[in-house]
Amino acid sequence: MGKLYLVPTPIGNLKDITFRAIEVLKEADLILAEDTRTSGKLLKHYEIDTHMHSHHMHNEHKTVEGIVNRIKNGETIALISDAGTPAISDPGFLLTRACVEADLKVDCLPGATAFVPALVNSGLPNDKFVFEGFLPVKKGRQTRLILLAEETRTMIFYESPHKLVKTLTHFTEYFGIERKVSVSREITKLHEETIRGTADEVLQHFTNKPPKGELVVVVEGKK
């Protein structure tokens with residue numbers, strides 16, 4: 001039988017990819033990409049000409065069965081997302097679960113993911129932490145924040161630039177203005193920066209200077 005590889009890709013700097021990842025992408029029978037246009041730039045940079053198919057949140061429910069059958073028939077398939085490790089706030093879980101249930105071999109390569117450097121760089125405790133990803137936009141958001149207000153572990157969130165101020169405002173309301181917060185943006189890219197302080201201080205910073213780029217928010221747990 002074939003195999004499914006989950007292959008992390010750079011979150012910004014194209015050099016942040018492993019030799020093994022390049023080797024797997026070159027030797028695979030097919031690459032499943034979240035956005036073939038975005039991934040095409042990476043593959044071109046490393047002279048990888050493996051055929052790609054689109055695999056994203058809008059079609060993965062329909063394509064999983066066909067992909068599983070291809071692996072059963074002996075194909076090696078590599079799954080990548082636009083950036084980072086597949087299935088971490090990106091497509092990948094459904095296909096991985098289907099392969100595991102079909103007793104097919106799944107290998108996840110180590111590599112780039114945004115929340116790890118943001119956590120380590122925050123200066124907040126990282127011996128125990130919880131990854132929350134994106135908070136609910138509307139339904140369930142308040143309920144989730146009330147629950148997280150009692151969380152004692154360091155919390156990690158992904159957030160978009162146009163929603164960051166709203167989210168930080170909610171943190172001051174539900175967690176308190178003195179809760180420590182670290183916001184890292186554009187990790188590994190030219191304009192990378194990390195802003196640290198209390199929830200209120202970080203809120204004021206981004207209120208006065210609207211953020212741009214990819215963001216990871218790390219929040220101190222309740223003491």
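Just so it is clear, the values below take in all heavy atoms, side chains as well, and ignore hydrogens, waters and symmetry mates.
The nearest pair of heavy atoms linking M155 to R179 is CE-NH1, 3.7 Å. Between N126 and V120, the shortest heavy-atom contact is ND2-CA, 4.1 Å. The two residues P211 and L164 make their nearest non-hydrogen contact at CG-CD2, 3.7 Å. Heavy-atom minimum distance, G213 versus E186: CA-OE1, 3.1 Å. Of all heavy-atom pairs spanning S54 and H56, the tightest one is OG-CD2, 2.9 Å.
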Steps toward side chain to side chain contact (heavy atoms under 4.5 Å, CB included) verdict (E27, T76): CA-CA 8 Å; E27 295 180 356; T76 296; over 6 Å; no
CA sep, side-chain torsions, deciding dist, call: I67, H55, side chain to side chain contact (heavy atoms under 4.5 Å, CB included): CA-CA 10 Å; I67 296 168; H55 183 82; 3.7 Å; yes
Side chain to side chain contact (heavy atoms under 4.5 Å, CB included) between V68 and L95, worked out: CA-CA 8 Å; V68 168; L95 179 57; 4.3 Å; yes
Residues V165, T169; criterion side chain to side chain contact (heavy atoms under 4.5 Å, CB included); working and verdict: CA-CA 6 Å; V165 169; T169 300; 4.2 Å; yes
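Taking the side chain as every heavy atom from C-beta outward, L25 and I31 approach each other to under 4.5 Å. Under the 4.5 Å side-chain criterion, counting only non-hydrogen atoms from C-beta, L109 is in contact with P8. Side chains of I71 and C99 form a contact here, defined as non-hydrogen atoms less than 4.5 Å apart. Two residues are said to be in side-chain contact when any heavy atoms from C-beta on lie closer than 4.5 Å; S160 and L215 fail this criterion. The shortest distance between side-chain heavy atoms of L148 and F157 falls below 4.5 Å. V7 places none of its side-chain heavy atoms less than 4.5 Å from the side chain of L79. In this structure, the side chains of T198 and I177 stay at 4.5 Å or more apart for every pair of heavy atoms.
Taking CG of N73 as the start and CG of N69 as the end, the distance is 6.5 Å to the nearest 0.5 Å. Residue K180 holds its NZ atom at 12.0 Å from CZ of R196, rounded to the nearest 0.5 Å. For the atom pair OG1 of T9 and CG of L43, the computed distance is 9.5 Å after rounding to the nearest 0.5 Å. Atom CD1 of I80 and atom CD1 of I17 lie 8.0 Å apart (nearest 0.5 Å). Note that CG of L135 is 9.5 Å distant from NE2 of H170, once rounded to the nearest 0.5 Å. One finds the NZ atom of K105 at 5.0 Å from the NZ atom of K3 (value rounded to the nearest 0.5 Å).
None of K212, E159, E214 except one satisfies the side chain to side chain contact (heavy atoms under 4.5 Å, CB included) rule with R185; the exception is K212.
Using a 4.0 Å cut-off between a side-chain N of Lys or Arg and a carboxylate O of Asp or Glu, E132 and R144 qualify as a salt bridge.
The number of heavy atoms from other shown groups lying within 6.0 Å of CD (E65) does not exceed 12. Heavy atoms of other residues, nucleotides or ligands lying less than 6.0 angstrom from CD of Q142 number 12 at most.
A distance-only check finds no donor-acceptor pair linking the side chain of S182 to the backbone of V218 [under 3.5 Å]. Judged by distance alone, with hydrogens and angles left aside, the side-chain atoms of D107 form no donor-acceptor pair with the main-chain N or O of Y5 at under 3.5 Å. Side chain of S39 to backbone of T36: no donor-acceptor contact under 3.5 angstrom is found. Under a 3.5 Å cut-off, the side chain of T154 and the backbone N or O of P125 do form a donor-acceptor pair.
Cluster annotation: V137 and I146 are assigned to distinct hydrophobic clusters (Ile/Leu/Val/Met/Phe/Trp/Tyr, side-chain heavy-atom contacts under 4.5 Å, transitive). In the hydrophobic cluster analysis, where Ile, Leu, Val, Met, Phe, Trp and Tyr join through side-chain heavy atoms closer than 4.5 angstrom, V217 is grouped apart from V116. The hydrophobic cluster containing L119 does not contain V219, counting ILVMFWY residues as joined when their side-chain heavy atoms lie under 4.5 angstrom apart, directly or transitively. Hydrophobic cluster membership is shared by V130 and L145, with clusters built from Ile, Leu, Val, Met, Phe, Trp and Tyr side chains linked at under 4.5 angstrom. Under the 4.5 Å side-chain heavy-atom criterion for Ile, Leu, Val, Met, Phe, Trp and Tyr, I11 and I22 are members of distinct hydrophobic clusters.
R141 and T167 are linked by a side-chain donor-acceptor pair at a separation below 3.5 angstrom, with hydrogens and angles left out of the test.
Aromatic ring orientation, F171 versus F175: parallel (interplanar angle below 30°, classes split at 30° and 60°). The aromatic rings of F115 and Y158 are tilted relative to each other, their planes meeting at an angle between 30° and 60°.
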Would you tabulate the side-chain donor-acceptor contacts of residues 81-89 under 3.5 Å, counting partners in other chains and residues two or more places apart, or write 'none'?
residue : atom : partner : partner atom : Å
S81     : OG   : A83     : O            : 3.2
S81     : OG   : D90     : OD2          : 3.4
D82     : OD1  : D35     : N            : 3.2
T85     : OG1  : A112    : O            : 2.9

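Evaluation of the salt bridge (Lys or Arg N to Asp or Glu O under 4.0 Å) rule for E150 yields K222 as partners, not counting sequence neighbours. For H45, the side-chain contact (heavy atoms from CB on, under 4.5 Å) partners at least two apart in sequence or on another chain are L14.
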